[in-house]
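Structure, as structure tokens:
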Amino acid sequence: MSRSPNSSPQTRRLFQALLSQPQAWRHGYDLSKETGLKSGTLYPLLIRLSDQGLLESEWRLAEKPGRPQRHAYRLTAAGVAAARAAPAPLAPSPKLAGARA
Amino acid sequence: MSRRRRLAQALARHALSVTPPERRAWAQGMAAELAHIDDDGAAFAFAAGAVWTGYQLLARELSLWLVFGRWGVAACALADAAVHLAFLGGQLAPGTSAALSLGIRSSVLSLALLHLLIAWSLIRWRPGAFAALVGATSP
């Protein structure tokens with residue numbers, strides 16, 4: 001039996017983080033800290049979700065003046081539906097776990 | 001600027017250079033993110049991930065080309081086999097001895113079968129068999 005393509009624990013953690021603020025544009029480093037995923041794991045996931053039409057990306061102005069634009073990401077409508085349909089992660093993301101501690 | 005920060009920037013440049021062109025926006029996004037990471041150690045780790053991501057994307061593209069190449073060579077091998085088989089049905093020059101005719105037709109049939117086997121080894125992806133068969137067809 002084949003596994004659903006977006007059911008890995010890492011993808012579920014990413015879905016959880018993106019779904020916590022579905023309308024907000026999120027940045028790679030912040031997502032990395034929030035999910036506990038290293039950039040070498042996070043970005044291939046983001047790219048895959050983008051290829052599946054579940055994630056959109058765009059360049060956005062930096063909040064802090066004098067810094068370069070940032071590549072930002074958020075779920076599409078299909079992505080929100082897929083994230084809601086995905087099972088919850090087995091372990092909470094580090095940020096959530098820290099908030100509970 | 002610290003040594004780690006310089007190394008992180010060098011890694012990000014390297015990631016940009018290895019990432020396939022159609023995916024470069026992602027590598028640029030990772031490189032731009034470095035300017036928003038205040039901690040040098042975290043920036044270095046993030047940039048190392050960018051290199052890893054770049055090589056993953058490159059490997060994916062190369063494996064795609066390998067698939068295309070494999071099927072292309074398999075198609076050529078099948079066409080070659082078809083040409084050899086067609087030749088078997090043709091006439092040899094008048095006066096060709098029966099022994100020579102048998103030898104020529106056997107050779108052509110062998111080559112046709114070898115090319116069919118090469119196509120099979122590529123379609124079923126048997127690299128060892130492919131290498132052996134290519135070696136057998138070489139003069």
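Labels below follow one simple rule: chain letters A, B, ... track the order of the sequence lines, proteins then strands, and each chain is numbered from 1.
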task: Flag yes if B:Ile123 and B:Phe130 sit in one hydrophobic cluster, no otherwise; membership is Ile, Leu, Val, Met, Phe, Trp, Tyr, and two members link when side-chain heavy atoms are under 4.5 Å apart.
output: no
- request: Tell me, out of A:Ala72, A:Ser57, A:Gly28, who's got the most heavy-atom pairs with chain B below 4.5 Å.
  value: A:Gly28
- line: Separation between CD (A:Glu63) and NE2 (B:His36), nearest 0.5 Å, reads 7.5 Å
field: Cluster overlap B:Val51 with B:Leu7, hydrophobic side-chain contacts below 4.5 Å
entry: yes
- prompt: Any link between B:Ile118 and B:Leu116 through a network of hydrophobic side chains (Ile, Leu, Val, Met, Phe, Trp, Tyr) touching at under 4.5 Å?
  reply: no
query: Does a sphere of radius 6.0 Å around CD in A:Gln23 hold more than 12 heavy atoms from other residues, nucleotides or ligands, not counting ones at 6.0 Å or beyond?
result: no
- prompt: When clusters are formed by joining ILVMFWY residues with side-chain heavy atoms under 4.5 Å apart, either directly or through shared neighbours, do A:Leu37 and A:Leu55 land in the same one?
  reply: yes
field: Toward chain A, the part of B:Leu57 with a non-hydrogen atom under 4.5 Å
entry: side chain
task: Please name the pair of heavy atoms, one in A:Ser39 and one in B:Thr53, separated by the smallest distance, quoted to 0.1 Å.
output: O-OG1, 3.7 Å
query: What is the distance from atom CE of B:Met30 to atom CG of A:Leu46, rounded to the nearest 0.5 Å?
result: 9.0 Å
field: Distance-minimising heavy-atom pair for B:Glu33 and A:Asp30
entry: OE2-N, 4.5 Å
task: Please report the closest heavy-atom contact between B:Ala32 and A:Trp59, naming both atoms and the distance.
output: CB-CZ3, 3.9 Å
- request: Treating Ile, Leu, Val, Met, Phe, Trp and Tyr as nodes and any side-chain heavy-atom pair under 4.5 angstrom as an edge, say whether A:Leu19 and A:Leu49 lie in one connected cluster.
  value: yes
Parallel, tilted or perpendicular, as decided by the 30° and 60° cut-offs, for the rings of A:Tyr43 and B:Phe46: perpendicular
query: What part of B:Ala35 lies closer than 4.5 angstrom to a heavy atom of chain A: side chain, backbone, both or neither?
result: both
- request: Check each atom of A:Leu42 against the heavy atoms of chain B and say whether the ones under 4.5 Å are side chain, backbone, both or neither.
  value: neither
query: Where is the tightest heavy-atom contact between A:Gly40 and B:Gln56, given as atom of each residue plus distance?
result: O-NE2, 3.4 Å
- prompt: Which pair of heavy atoms, one from A:His71 and one from B:Gly29, lies closest together, and at what distance?
  reply: CB-CA, 3.6 Å
- prompt: If we only count heavy atoms from C-beta on, is the A:Asp51 to B:Arg23 side-chain gap below 4.5 Å?
  reply: yes
- prompt: How long is the gap from NZ on A:Lys33 to CD1 on B:Ile37, to the nearest 0.5 Å?
  reply: 8.5 Å
